[in-house]
Amino acid sequence: MAEAPALPELPPLPSRAARYPATTVVGPVEAQAARTPDAPALLLAGGETVSYRELNASANRLARALARRGARPGAVVGLAGPSRPVELVTALLAVAKSGAAYLPLDPTDTPGRRERLLAENAPVWVLGEEVPGAPAGLETDGELPTDPPRALTPQHLLCVGYGPGGRPTAVRLTHAEADRRVRELQAAHPLGPGDRVLQLGLPLWEYLWPLRTGAAVVLADPWQEGEIGALVRELGVTAVRVAPEALLGG
């Protein structure tokens with residue numbers, strides 16, 4: 001009986017003792033946009049492409065509009081799911097650029113739980129749809145497309161997250177911690193220009209990982225069944241990162 005071929009060795013995971021200079025998650029994305037402005041940052045089915053220049057400019061306009069409404073380091077902005085995946089990534093980047101922490105809001109949450117999250121965190125603004133009482137769309141016309149100034153440090157919060165069900169307990173993620181985790185991921189599984197990364201069921205902040213390396217994020221429409229396989233074939237996905245529960249869900 002022939003021996004089974006040896007499995008390739010996986011790269012070792014970086015030591016948790018590794019030291020990374022603390023930084024925010026925003027700076028590396030802005031630097032990448034300056035280096036490769038015309039490279040694709042976001043890819044969608046049907047051929048829609050958003051370049052690094054376009055994504056960065058849109059996020060800058062939104063960040064400046066948010067700042068006018070109180071978004072800054074120490075503040076919170078609610079982030080619900082907009083109708084288009086591109087808008088979600090733009091909003092995520094914009095909130096981080098403003099210096100505020102984002103509060104994920106699940107439209108499927110019970111009204112009581114959602115209202116409790118909003119009351120406990122007092123967001124200065126809510127981006128997205130299907131959140132009762134949230135202000136209407138934020139006008140960004142006339143805002144500058146350049147990177148906004150901000151008094152942001154690695155110790156400021158990037159995200160205030162909550163687990164599902166029951167009375168939630170906040171998990172507060174700083175820029176420094178998110179940056180460290182992303183660097184560990186990059187050390188173990190390097191991404192770079194030419195990579196097309198599909199991410200499913202992951203924390204929103206992980207979408208910033210490919211964007212700091214020059215890779216493109218492939219966005220799936222959660223409302224279209226069967227789109228995942230088509231996206232992999234159509235857009236030449238080179239890497240998939242998926243939460244275990246997304247594989248078991250189905």
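Count residues from 1 along the sequence.
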A.B. asks: Can you list the steps and then say if T90 with L55 is a side-chain contact (heavy atoms from CB on, under 4.5 Å)?
C.D. replies: CA-CA 7 Å; T90 303; L55 173 62; 3.6 Å; yes
A.B. asks: Please answer whether the main-chain N or O of P154 pairs with a side-chain N or O of T24 as donor and acceptor at a distance below 3.5 Å.
C.D. replies: no
A.B. asks: Are side-chain heavy atoms of T213 and D195 found at a separation under 4.5 Å?
C.D. replies: no
A.B. asks: Checking side-chain contact (heavy atoms from CB on, under 4.5 Å) for the pair V182/W205: CA distance, chi angles, key distance, verdict?
C.D. replies: CA-CA 9 Å; V182 166; W205 59 265; 3.7 Å; yes
A.B. asks: What salt bridge (Lys or Arg N to Asp or Glu O under 4.0 Å) pairs are there with at least one residue in residues 37-58, not counting sequence neighbours?
C.D. replies: D38-R53, E48-R84
A.B. asks: Is there a side-chain contact between P40 and T49 (heavy atoms, below 4.5 Å)?
C.D. replies: yes
A.B. asks: Do V76 and V171 sit in the same hydrophobic cluster, where Ile, Leu, Val, Met, Phe, Trp and Tyr count as joined when their side-chain heavy atoms come under 4.5 Å apart?
C.D. replies: no
A.B. asks: Taking C-beta and beyond as the side chain, do T23 and R183 meet within less than 4.5 Å on heavy atoms?
C.D. replies: yes
A.B. asks: Which atom names give the shortest non-hydrogen contact between A220 and P85, and what distance separates them?
C.D. replies: O-CG, 3.7 Å
A.B. asks: Please report the interatomic distance CD(E87) to CG(L62), rounded to the nearest 0.5 Å.
C.D. replies: 10.0 Å
A.B. asks: For residues 26-34, which side-chain N or O atoms pair as donor and acceptor with protein atoms under 3.5 Å away, sequence neighbours left out?
C.D. replies:
| residue | atom | partner | partner atom | Å |
| --- | --- | --- | --- | --- |
| E30 | OE1 | R150 | NH2 | 2.8 |
| E30 | OE2 | K97 | NZ | 2.7 |
| E30 | OE2 | R150 | NH1 | 3.2 |
| E30 | OE2 | R150 | NH2 | 3.1 |
| Q32 | OE1 | R35 | NH2 | 2.6 |
| Q32 | NE2 | T36 | OG1 | 2.9 |

A.B. asks: Can L208 and L93 be said to form a side-chain contact (heavy atoms from CB on, under 4.5 Å), step by step?
C.D. replies: CA-CA 8 Å; L208 301 176; L93 185 55; 4.1 Å; yes
A.B. asks: Could you grab the distance from atom CG of L211 to atom CG of L191, nearest 0.5 Å is fine?
C.D. replies: 10.5 Å
A.B. asks: Is any side-chain heavy atom of V217 less than 4.5 Å from a side-chain heavy atom of L42?
C.D. replies: yes
A.B. asks: Using a 4.5 Å cut-off on heavy atoms from C-beta on, say whether the side chain of L158 contacts that of Y102.
C.D. replies: yes
A.B. asks: Let me know which of R181, Q186, R180 forms a side-chain hydrogen bond (donor to acceptor under 3.5 Å, both in side chains) with E184.
C.D. replies: R180
A.B. asks: Would you mind listing every side-chain hydrogen bond (donor to acceptor under 3.5 Å, both in side chains) that reaches into residues 62-78, with sequence neighbours excluded?
C.D. replies: R64-T146, R68-E143
A.B. asks: If I compare all heavy atoms of A22 with all of A176, which pair ends up nearest, and what's the gap?
C.D. replies: CB-CB, 4.3 Å
A.B. asks: Any heavy-atom pair between the side chains of P203 and C159 that's under 4.5 Å?
C.D. replies: no
A.B. asks: Would you indicate whether the side-chain heavy atoms of R212 and D179 approach each other to under 4.5 Å?
C.D. replies: yes
A.B. asks: Please evaluate residues V126 and V77 with respect to the criterion side-chain contact (heavy atoms from CB on, under 4.5 Å), reporting the C-alpha separation (whole Å), side-chain torsions for both, the decisive distance (0.1 Å), and the verdict.
C.D. replies: CA-CA 6 Å; V126 176; V77 172; over 6 Å; no
A.B. asks: What is the minimum heavy-atom distance between W209 and H189, and which atoms define it?
C.D. replies: CZ2-O, 3.3 Å
A.B. asks: Would you kindly confirm whether L198 and V242 end up in one hydrophobic cluster when ILVMFWY residues are joined by side chain heavy atoms under 4.5 Å apart?
C.D. replies: yes
A.B. asks: With distance as the sole test, does N56 use its side chain to make a donor-acceptor pair with the main-chain N or O of Y52 at under 3.5 Å?
C.D. replies: no
A.B. asks: Closest approach of A100 and A71, non-hydrogen atoms and distance?
C.D. replies: CB-CB, 4.1 Å
A.B. asks: So do the side chains of R172 and V160 get within less than 4.5 Å of each other, counting heavy atoms only?
C.D. replies: yes
A.B. asks: Can you give me the closest heavy-atom contact between H175 and V25, atom names plus distance?
C.D. replies: ND1-N, 3.2 Å
A.B. asks: Would you say L202 and L92 are hydrophobically clustered, going by side-chain heavy atoms of ILVMFWY under 4.5 Å?
C.D. replies: no
A.B. asks: Minimum heavy-atom separation for L235 and A45, please, with both atom names.
C.D. replies: CD1-N, 4.2 Å
A.B. asks: Got a second to check how far L219's CG is from L44's CG, nearest 0.5 Å?
C.D. replies: 5.0 Å
A.B. asks: Could you tell me whether the side chains of N121 and Y162 share a donor-acceptor contact shorter than 3.5 Å?
C.D. replies: yes
